[in-house]
2 protein chains.
Amino acid sequence: MQKTARKTGSEAAPVSRLPAHETIYRQLRALVLFGDLAPGQAVTIQGLCERLGAGMTPVREALRRLIAEGALELQGNRRVSVPLLDAGHVGELIFARQWLDPHLAERATARASMEDLRALTAIDNDLDRAILRGDMRGYLELNYRFHRRIYELADAPILADVADGLWLRFGPSLRVVCGRVGTQGLPDKHKDLLAAMRARDHQAAAEAIRADVVQGMEQVRQSLARAVRAD
Amino acid sequence: MQKTARKTGSEAAPVSRLPAHETIYRQLRALVLFGDLAPGQAVTIQGLCERLGAGMTPVREALRRLIAEGALELQGNRRVSVPLLDAGHVGELIFARQWLDPHLAERATARASMEDLRALTAIDNDLDRAILRGDMRGYLELNYRFHRRIYELADAPILADVADGLWLRFGPSLRVVCGRVGTQGLPDKHKDLLAAMRARDHQAAAEAIRADVVQGMEQVRQSLARAVRAD
DNA sequence: CAGGAATAAATTTGATCATATTCTGGGCGC
DNA sequence: GCGCCCAGAATATGATCAAATTTATTCCTG
């Protein structure tokens with residue numbers, strides 16, 4: 001996906017060659033995905049222009065993109081905000097991921113090279129360290145990268161796109177859960193998944209990822225129900 | 001061009017107050033969905049500005065949105081084109097719809113009012129007339145509206161969004177199929193589905209929609225394989 | 001006279017455009 | 001064939017216009 005096709009051997013400035021709307025998009029996406037923007041929070045175009053130090057055209061384009069992906073929503077009249085999920089929405093996300101993630105994990109199990117598995121294991125080890133460190137942001141990023149890597153390995157671009165889009169929808173709420181529970185309370189099934197992938201056991205891989213997804217998403221659902229009750 | 005609304009006391013123009021980027025998006029979306037743009041065809045911003053009689057900022061925003069939804073793709077350099085599907089992509093779409101559409105149909109069956117069912121039946125009757133008339137564009141639009149209505153009735157906004165996004169991806173190719181086969185060669189299972197929904201038979205509704213989806217998508221896959229062979 | 005609701009000014013924010021700048025790709029001369 | 005240059009297209013800016021929310025005022029009622 002790197003479009004830094006220079007014919008010169010050394011690339012001194014690979015990042016500045018990216019269009020501004022692309023870099024803005026990535027920054028904004030990270031802001032949503034890792035919870036720097038809270039659910040329900042309103043975002044303004046001009047506020048983002050100042051915050052990210054950019055003109056308004058690139059910001060507007062990035063916003064349209066995020067809105068189309070469901071990461072942001074425009075409420076009634078032209079205002080943009082981070083979506084607030086209710087129990088029904090989380091139920092939809094659970095249903096979707098419970099079907100999508102196992103399928104992609106099966107495909108990834110069939111296709112992953114030893115090198116891929118090593119890289120995946122390395123991410124998971126970093127993830128464990130982030131948990132022990134109590135580094136919530138690191139946990140969120142590495143957990144995302146772990147699942148994202150599996151999507152990429154599945155070699156199914158459309159389904160991977162869909163799965164990736166789902167992450168953008170519950171990212172902000174996941175951050176809220178971590179804020180309540182702490183990183184300790186979020187065990188995962190990554191070890192089971194990695195073992196199954198190494199053994200090329202499709203069935204076990206699908207079951208491991210299903211358990212991981214359900215566990216994490218149910219925690220989001222319950223945390224959300226608790227928030228409503230406390231309201 | 002629709003700026004006919006004055007700020008005079010009487011509010012006579014409720015609809016024309018839509019932003020330009022929104023109307024541009026809808027026009028462009030229809031262009032993609034109903035095959036006025038062929039797969040592989042390149043689109044230029046300035047060309048669209050002239051074609052739709054709009055400034056370039058709204059066009060750019062609409063394009064970003066369509067690209068994010070997978071309806072268009074930007075190839076390495078900054079050119080934008082209608083995606084060309086291969087067999088693998090169609091396989092992914094079949095897999096996704098085979099799971100998503102039955103689920104949404106089940107939910108719609110549980111929730112649809114008699115009024116909803118009458119409206120759905122009316123759409124299907126119009127669809128039949130379009131087929132008899134040999135009106136391909138009408139067929140494509142009404143078939144889409146039929147399925148789209150079911151998504152809406154399911155009361156699952158996120159899953160409906162995902163399903164809707166899938167349509168944007170195979171819309172152009174569906175048009176190509178119709179161009180080869182003609183409207184006669186595309187029977188559907190809508191009658192079975194409507195009967196099942198009237199009887200509130202979830203199981204039968206899911207099965208009917210599954211058959212409809214598989215039948216239609218397999219035709220796309222085969223037509224596409226034939227195109228490759230002829231290439 | 002006080003409280004409140006409706007209305008009108010003001011400010012904030014979004015939408016659009018015209019234009020300047022940068023980048024890509026192709027043609028021409030060497 | 002290789003490199004330079006030019007046309008065309010995309011990107012990005014800031015100004016300007018319009019809409020919506022907020023704030024302030026006023027008038028009516030109890």
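Reminder, nothing fancy here: chain letters follow the sequence lines and each chain counts from 1.
- Heavy-atom neighbours of B/Arg149 CZ from other residues, nucleotides or ligands within 6.0 Å: above the threshold of 12.
- A/Asp164 and A/Tyr144 form a side-chain donor-acceptor contact under 3.5 Å, judged by distance and modelled atom types alone.
- Across all their heavy atoms, B/Leu142 and B/Ile123 have their closest contact at O-CG2, 3.7 Å.
- The salt bridge (charged side-chain N to carboxylate O under 4.0 Å, His left out) test applied to A/Arg137 returns A/Asp36, A/Glu141, not counting sequence neighbours.
- Atom-to-atom, CG of A/Leu74 to C1' of D/dA20 comes out at 15 Å; the value is rounded to the nearest Å.
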Close N or O pairs between protein and nucleotides 9-12 of chain D (under 3.5 Å):
unit_1: D/dA10; atom_1: OP1; unit_2: B/Ile45; atom_2: N; d: 3.3
unit_1: D/dA10; atom_1: OP2; unit_2: B/Ile45; atom_2: N; d: 3.4
unit_1: D/dT11; atom_1: OP1; unit_2: B/Arg64; atom_2: NH2; d: 3.2
unit_1: D/dT11; atom_1: OP2; unit_2: B/Arg60; atom_2: NH1; d: 2.3
unit_1: D/dT11; atom_1: OP2; unit_2: B/Arg60; atom_2: NH2; d: 3.1
unit_1: D/dT11; atom_1: OP2; unit_2: B/Arg64; atom_2: NH2; d: 3.4
unit_1: D/dT11; atom_1: O5'; unit_2: B/Arg60; atom_2: NH2; d: 3.4
unit_1: D/dA12; atom_1: OP1; unit_2: A/Ala20; atom_2: N; d: 2.2
unit_1: D/dA12; atom_1: OP2; unit_2: A/His21; atom_2: N; d: 3.4

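- Here salt bridge (charged side-chain N to carboxylate O under 4.0 Å, His left out) pairs that include residues 74-84 of chain A, with residues two or more places apart or in two chains, number zero.
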